[in-house]
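Just so you know, these numbers come straight off a predicted model, no measurement behind them. All values below were derived from every heavy atom in this structure, side-chain atoms included, with hydrogens, water molecules and symmetry-related copies excluded. Atoms within a ligand are numbered from 1 in the order they appear, just like the ligands themselves.
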Amino acid sequence: MTEVSAPPILPAYLHPLVRAFLDAPGAVEDALLQYGSPAHLVFPQVFDANLHRLQGVLEQRLTGFRICYAHKVNQSRAFVRTAERAGLAIDVASEAELAGAVGAGFGPARIEVTGPKGEGFLRTLIGSGATINVDNLWELRRLAELGADNAGVPVLLRVSGFPGTPVSRFGVPVRQLGEAFEILAAYRDRIDFRGFAFHLDSGEPVERVRAVENCLALTELAYEHGLAPTVLNIGGGFRQVFTADPEAFDAYVIALRESLLGRGEPMAWGGNTFGYHLDGGAVHGTPVFHKYANTVPADRMLADLLDTGLETHGGRTVARIADENLLELWLEPGKALVDHAGITAARVEFVKETADGSILVNLDVSRDTVTPADQEVMVDPILLAPAANSATATADSGPAGVFLAGRLCLERDLITNHKVWLPRRPGPGDVIVFPNTAAYHMDLSAATASMHPLPPKLAVTQHDGSFQVCRDHDYEPAPERHEVQ
Ligand SMILES: *Cc1c(COP(=O)(O)O)cnc(C)c1O
């Protein structure tokens, strides 16, 4: 007899509040019946819980800090209202995000504007009172030219190109800073230079430490130019933890790599290699989905950074150096604040078999609605138990290895290009939930392709053990905070 081993799975971590919502009989079904399927659901109380953890790390170590919620991670107004109510600042990267922040109650002193800005946006920002995080020397010169005398436009300078860091399209390269200092010194009455900023795409701790060291050195240089920076902005990039089981994740990836070499059951749709290179009977490289393997939560990543001793400063920690130099530490977390604070629910339309025997579970949602543009989401979607009165529920068939297909009439609209083992073969009407979609998954690249409308966004809260669901836009945070268990 051959041993039948359990199929490889990618179990998702779920916040207890989200777990409780999924387990509440009829809760998801009722929301879909009322508002339509598919739907995005956001959980402002989970945002609050994430915020508490980051704040705890900062309060223990620093006298001056500011958290700017990076709005671009999600369009949710409920999150923006939650950030406003909690007293945060906000990082906006477009005219529409700025309008959203103002509409949600943020005054200019709590708004920071990052990202590439054209002439029109710069003109809007001058005189608004918002802090402009300058991306390049053209922007800095335009601010100097457009600013009124004594306007004191608050400005941070985003720096990039630190020795050893990969080249970035953003920021002023370190080697152009001589020119930046000249502009800042010459237009001191028009531009209120508040300090240096960086934002790294990479989650690598050593790169972040190096960037901090460089910005501290630049801060000293700025003093030599007669400037008086008071802020050090370390950006966002604090990671999420998607997986509930790192060992299962590793086992899945090993099985996937084997399958790419033709061993075992096929696990890739349409010749996908997920960023791996196949060469000489071996699999090389880093897969597109590597972030789903992370096990270090954002608050620990932040604590580790602040507790790092810098040799250039006699071994004193980053936090102590910031405090001693009266530098207010700013950060711009996006994904760390919305981690586990959103899910996307969709319905199975039909299930079909393809010419090669693959099972395609076709949903009423498309790939761009639940995945970041170029990545493969490596956590298993959750197949909910059929509604009690469901006529469409299929018999319990045991685990089924399937690919999830989207609703667009495009070959590439596969929601999963890797095989997903569901606990049973689903049928029409079943509900599938994509976990942890709030950060960049639900609306960074979503489009109204084929004229499908965007899914409604709903806010879910729990009070006294029962759940309330409303439209995201109508959500108002409670005056006092509700603790999440
Ligand atoms: C996108 C972005 C952030 C947020 O990044 P996360 O990785 O979501 O924390 C912060 N700052 C800037 C400048 C950004 O562009």
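- The closest donor-acceptor contact from the side chain of R158 to the backbone of V134 lies at 3.5 Å or more, if one exists at all.
- Side-chain atoms of T82 come within 3.5 Å of backbone atoms of A78 as a donor-acceptor pair (strictly under, hydrogens ignored).
- When the ring pair (Phe, Tyr, Trp, His ring centres under 6.0 Å) test is applied to F434, no partner is found at least two apart in sequence or on another chain.
- In this pair, F196 and F193 present their aromatic rings perpendicular. The plane angle is above 60°, beyond the 30 to 60° band.
- If you look at ligand 1, the protein residues with a non-hydrogen atom under 4.0 Å away are A70, K72, D91, T114, R158, H199, G236, G237, E332, P333, G334, K335, Y440.
- Just one of V159, N133, L331, D91 meets the side-chain contact (heavy atoms from CB on, under 4.5 Å) condition when paired with N233; it is N133.
- Using bins of under 30°, 30° to 60° and over 60° for the plane-to-plane angle, the ring pair Y276/F289 lands in the perpendicular bin.
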